[in-house]
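Letters A, B, ... mirror the listed sequences (proteins, then strands); counts begin at 1.
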Amino acid sequence: MTPSAAALLRWYDRHHRDLPWRTPPGQGTRAPDPYRIWLSEVMLQQTTAAAVAPRFQRFLARFPSVEALAAAPEAAVMEEWAGLGYYARARNLHACARQLAASGGFPRDPAALRALPGIGAYTAAAVAAIAFGAPVVPVDGNVERIVARVFGVAEPLPGARSRLAALAQGFLGQAAARARPGDFAQALFDLGAGVCTSRRPACALCPWRAGGCAAEARGEQDSLPRRVAKRARPHRHGAHFLLADPATGRILLRRRPPGGLLGGMLELPGTPWRTAPWERNEALTHAPWPGLPWRLVPGTAAHGFTHFTLDMQLYAAALPAGPAGEAARSACRAAAGWEWRPPAAAAAALPTAMRRLLDLAAEDGTLPRAEPLRPAEPGAAAARRRTVRSGRNTGPRRPERP
DNA sequence: AACGCGGGGGT
DNA sequence: ACCCCAGCGTT
């Protein structure tokens with residue numbers, strides 16, 4: 001039997017999450033602001049609501065409207081996005097804002113939304129349903145998981161994706177779902193976030209228990225949805241350089257190329273990232289000024305990307321006084337995309353992988369410790385300490401030559 | 001269809 | 001150590 005949309009909405013009216021971008025359910029509420037819905041949906045792409053909430057507020061304070069966002073320089077948007085990951089989202093968000101400002105606002109039609117930069121099938125449906133009440137069901141990871149369970153779909157992801165999406169649209173056959181498309185979508189998200197979770201789903205709390213869910217009826221809720229096995233994540237190695245200017249207290253940063261990994265973000269200058277670790281002399285050929293007395297900072301910094309783990313070593317040096325320092329300073333100034341920034345400003349603008357290098361330098365006393373990206377929450381601080389400690393204890397992958 | 005693209009929290 | 005999250009764009 002098909003799970004009841006009305007039952008899910010009743011559950012949502014009682015148990016919905018309160019989130020900064022959300023219009024609470026019920027009649028008489030103000031219409032949602034499409035800008036806030038769009039911004040939240042882009043931030044929520046592959047990013048948890050807990051991580052998004054504080055960043056959403058901060059972004060909105062800095063860029064309060066489509067027009068304000070469109071008028072901002074791209075570098076300011078990238079900096080505001082630092083630490084959120086998937087930086088193409090920020091570039092597309094900015095490009096989309098400029099299109100919207102030029103065309104006079106948001107289209108309401110899902111197909112027209114889908115054509116905008118950074119808006120795919122999911123986000124188009126989410127904005128159309130939540131901001132405009134269009135009768136569509138946005139299908140994200142939560143919805144795929146819920147649908148696979150309630151309909152007992154055994155085919156593994158990602159192959160089952162189109163089938164699951166079609167089954168999700170089938171809810172619109174029920175009048176209750178058609179009457180409140182935005183709330184129905186958010187009800188599915190909240191069910192997925194709090195009840196029909198990826199591991200150990202809380203079936204006892206589910207409005208679709210007992211008759212609404214094929215997986216629960218068969219005791220298969222822990223094994224659905226199935227997924228095809230993915231291969232192990234390899235390691236790559238890099239060496240980066242922390243060059244300080246004692247005269248100004250600033251450190252040298254470099255802007256990465258606009259596309260690809262960490263595209264358009266700042267970094268500490270470094271070697272390419274490759275399979276084999278870097279010997280000292282080989283690494284130093286990539287230093288911004290190879291002739292300086294570079295000192296290897298003890299330990300390594302590690303950072304996990306989607307498809308590989310990066311292990312980084314850090315070399316530190318300071319510009320010497322006098323003509324030699326001035327020569328290095330002017331050479332680095334002449335290179336395109338190089339900038340000197342105070343360490344605190346650098347930390348705020350750098351992606352997390354690069355912040356790990358600053359953390360490593362701070363443990364060593366080379367730099368003052370950077371402010372955490374977000375205020376500490378229970379559990380978060382412990383997790384951060386674990387990461388730092390693991391970085392320190394990993395040690396150089398290959399011992400220094402005596 | 002497969003792959004590249006961050007980062008964090010839960011288990 | 002691994003999983004997965006309010007996915008999108010490119011090839």
Side-chain angles (χ1 to χ4, degrees), chain A residues 17 19 21-22 37-56 78 81-93 95-96 113-127 129-130 137-146 157-162 165 168 182 185-194 196-200 222 225 227-233 235 256 259-265 302-310 350-356 372-374 376-384 386-387 390:
Chain A
R17 290 177 291 176
L19 296 167
W21 49 87
R22 187 172 271 187
I37 303 302
W38 167 58
L39 175 62
S40 70
E41 289 302 339
V42 173
M43 282 192 171
L44 287 160
Q45 288 165 9
Q46 297 299 107
T47 308
T48 56
V52 166
R55 301 300 301 267
F56 173 79
M78 300 308 291
W81 205 269
L84 268 176
Y86 285 132
Y87 298 97
R89 293 187 296 176
R91 290 195 301 276
N92 286 329
L93 191 81
C96 187
L113 286 164
R114 173 72 182 79
L116 291 164
I119 298 187
Y122 163 75
T123 305
V127 172
I130 298 169
V137 178
V139 182
D140 69 339
N142 285 311
V143 178
E144 285 178 349
R145 182 172 61 252
I146 293 166
L157 286 168
R161 195 147 282 158
S162 61
Q186 295 176 95
L188 287 169
F189 301 155
D190 285 10
L191 189 72
C196 197
T197 49
S198 176
R199 265 158 305 190
R200 300 180 42 138
D222 289 311
R227 292 176 192 277
V228 302
K230 50 190 94 168
R231 63 187 185 85
R233 203 164 57 168
H235 282 257
R256 293 174 62 86
L261 187 66
L262 304 179
M265 299 298 290
H303 185 69
F305 291 97
T306 311
H307 51 296
F308 66 92
T309 297
L310 178 62
L350 286 170
T352 300
M354 295 294 136
R355 287 178 60 95
R356 300 235 192 282
L373 206 53
R374 293 196 285 133
E377 293 164 30
R384 197 150 33 234
R386 259 197 311 280
T387 305
S390 94

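Side-chain proximity of Y87(A) to dA6(C), dC5(B), dG7(B): nearest is dG7(B). Set against dC5(C), dG7(B), dC8(C), the side chain of Y122(A) has dC8(C) as its closest nucleotide. Relative to the side chain of R227(A), the nucleotides dG6(B), dC4(C), dC8(C) differ in distance, and dC4(C) lies closest. In the set dC5(B), dG7(B), dC5(C), dC5(B) carries the atom at the smallest distance from any side-chain atom of H307(A). The side chain of T306(A) lies closest to dG6(B), out of dC5(C), dA6(C), dG6(B). Checking dG8(B), dA6(C), dC5(B) against the side-chain heavy atoms of T352(A) singles out dG8(B) as nearest.
A donor-acceptor pair shorter than 3.5 Å can be found between the side chains of R89(A) and T47(A).
Panel note: side chain R233(A), backbone F305(A); a donor-acceptor pair is recorded below 3.5 Å.
Atom CD1 of I119(A) and atom CH2 of W38(A) lie 7.0 Å apart (nearest 0.5 Å). Remark: R91(A) CZ to M265(A) CE distance equals 9.5 Å, nearest 0.5 Å.
To the nearest whole angstrom, the two C1' atoms, one in dC5(B) and one in dC5(C), are 15 Å apart.
Comparing R199(A) and P158(A) by the nucleotide of DNA chain B that holds the closest heavy atom to each, the one mapping nearer the 5' end is P158(A). With the nearest nucleotide of DNA chain B identified for both R200(A) and M354(A), M354(A) has the one nearer the 5' end. When the nearest nucleotides of DNA chain C are assigned to P225(A) and Y86(A) by heavy-atom distance, the more 5′-ward of the two goes with P225(A).
Evaluation of atom-type donor-acceptor distances gives a pair under 3.5 Å for the side chain of T47(A) against the base of dG6(B).
Contacts of T197(A) with the nucleic acid, taken as non-hydrogen atoms under 4.0 Å apart, are absent. Counting non-hydrogen atoms under 4.0 angstrom, W38(A) reaches nothing in the nucleic acid. When heavy atoms are screened at a 4.0 angstrom cut-off, L188(A) is found touching no nucleic acid atom at all. As judged by a 4.0 angstrom heavy-atom cut-off over every strand, I37(A) is placed among residues making no nucleic acid contact. If you check every strand for non-hydrogen atoms under 4.0 Å, R145(A) touches sugar and phosphate atoms only. Using a 4.0 Å heavy-atom distance criterion, P117(A) is classed as a sugar-phosphate-only contact.
Atom-to-atom, CZ of R161(A) to P of dG7(C) comes out at 10 Å; the value is rounded to the nearest Å. Here the C1' atom of nucleotide dC4(C) and the CD atom of Q45(A) are 16 Å apart, to the nearest Å. Atom-to-atom, CG of L191(A) to P of dA6(C) comes out at 12 Å; the value is rounded to the nearest Å. L44(A) has its CG atom 15 Å from the C1' atom of dC4(C), to the nearest Å.
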Canonical and wobble pairing (Watson-Crick, G-U, under 3.5 Å) of DNA chain B, dot-bracket with |: |||||.|||||
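Shown here are the ring-ring contact (aromatic ring centres under 6.0 Å, His included) partners of Y122(A), two or more places apart in sequence or in another chain: there are none.
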